[in-house]
Amino acid sequence: MWDAEVADQLEVLDVGFPEVESMSGAEARAAVAARRVPVTNPDDVAGAEDVDIPAPHGSVRARVYQPHRAGGVAGSRPVVVFFHGGGFVFCDLESHDAFCRAMTRATEAIVVSVDYRRAPEHRAPAAAEDALTATMWAMENAADLGGDPSRVVTMGDSAGGNLAAVVCLMARDAGGPLPAAQVLIYPVIDPSCDSDSARAYRTGYFNTLAAMKWYWQQYLPEDGVLPVPTAHIAPLTAATLVGLPPAVVVTAGLDPLASEGRHYAQALRGDGVAVLHREYGGLFHGFLTILPLRAAEAARELLWHDLAGLLRSTTENRGEIA
């Protein structure tokens, strides 16, 4: 197995990743950006174009990745609206560029990566509002992008997983239209940061409990009170999850966030939402977007397969995920 590789990667991450909880938002952003590695897969896509999506506050920047046309038919391709992780504070279009290129190639989907406003300069619900704006734009413009308006999916990792989930709640609460599906990769769900996994993996596994508390402190209003409706920030506070799109939920066993991802998958299923939950017991927060990590290769391939099955199930009356 990949135990030695995972242990070595965790050691590198634990030693090298900055203690963001001791920094300002701007300092954390700069420290994380300094660790960025060059993109080695630019040719995974036919093209990538930065666009400005109109928004009430001006615009939301996004990057649209177009797949090579080897398979599929233009106009029938799914559209994945992707929200990067980074604790609502750091990361951007560049940090997840290689992952989005790899996803575009593997799925032959059009990928719209969203550069939402970040905390603490822009606190909740700013990121969620930008995520919804970008998703509605993708649904309205899917055909012009070469995609299928009925197959627009929200996806995100970590804090982006939160946004992918809350966009679906926001769209449902506004009366629709809804994304066809949601893909939540080790999502940030619960601001209490008080779960079994948060306590068990509080330190030593890259993502720390101290950092998670700090991320929420940056994102929430300065008084720490959740804006109303609270479910548009903390999805598990929703009175009901009935009517949400089918979901794929990915959790990592060695992650402070594992419990809340599990709980959200269970809550979705309990309210009648079709859910496929994949847990990777020996892996850690952030593993899927580390492209050189061999231990993540099979998980990524399975994610691409699950995404295809998810879209297939939405076409077939949103039944159980294949």
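Everything numeric in this text was worked out from a predicted model, so none of it was measured.
Across all their heavy atoms, A238 and L169 have their closest contact at CB-CD2, 4.1 Å. Between V60 and D115 the shortest heavy-atom distance is CG1-O, 4.1 Å. In terms of heavy atoms, W137 sits closest to P54 at CD1-CD, 4.4 Å.
Defined by atom type and a distance below 3.5 Å, a donor-acceptor pair is present between the side-chain atoms of R117 and H57. There is a side-chain donor-acceptor pair under 3.5 Å between D173 and H232. Side-chain polar atoms of T251 and E279 form a donor-acceptor pair below 3.5 angstrom. Between the side chains of S95 and H84, not a single donor N or O lies within less than 3.5 Å of an accepting N or O. Side-chain contact check for N207 and Y201: no donor-acceptor pair (N or O, by modelled atom type) lies under 3.5 Å.
Counting heavy atoms of neighbouring residues, nucleotides and ligands inside a 6.0 Å radius, atom CZ of R262 exceeds 12 of them. Within a 6.0 Å radius of CD in E94, more than 12 heavy atoms belonging to other residues, nucleotides or ligands are found. E11 CD: 12 or fewer foreign heavy atoms inside a 6.0 Å radius. Counting heavy atoms of neighbouring residues, nucleotides and ligands inside a 6.0 Å radius, atom CZ of R172 exceeds 12 of them.
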For this session: May I have the step-by-step check of side-chain contact (heavy atoms from CB on, under 4.5 Å) for D306 and L302, ending in yes or no?
Result: CA-CA 6 Å; D306 290 342; L302 190 54; 3.9 Å; yes
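If you run salt bridge (charged side-chain N to carboxylate O under 4.0 Å, His left out) between R61 and each of D130, D52, D50, only D50 comes through.
By the side-chain contact (heavy atoms from CB on, under 4.5 Å) test, D196 pairs with R199, S259, sequence neighbours left out.
Between F82 and H96, the ring centre distance stays below 6.0 Å. The ring of Y215 has its center closer than 6.0 angstrom to the ring center of F90. Ring centroid separation for the pair F99 and W304 comes in under the 6.0 Å cut-off.
E49 and R63 are not joined by a salt bridge, as no carboxylate oxygen comes within less than 4.0 angstrom of a charged side-chain nitrogen. The pair R77-D148 does not count as a salt bridge, with every side-chain nitrogen at least 4.0 angstrom from each carboxylate oxygen. The residues D223 and R123 are annotated as not salt-bridged, no charged nitrogen and carboxylate oxygen being separated by less than 4.0 angstrom.
Relative orientation of the W216 and Y219 rings is tilted, given thresholds of 30° and 60° on the angle between their planes.
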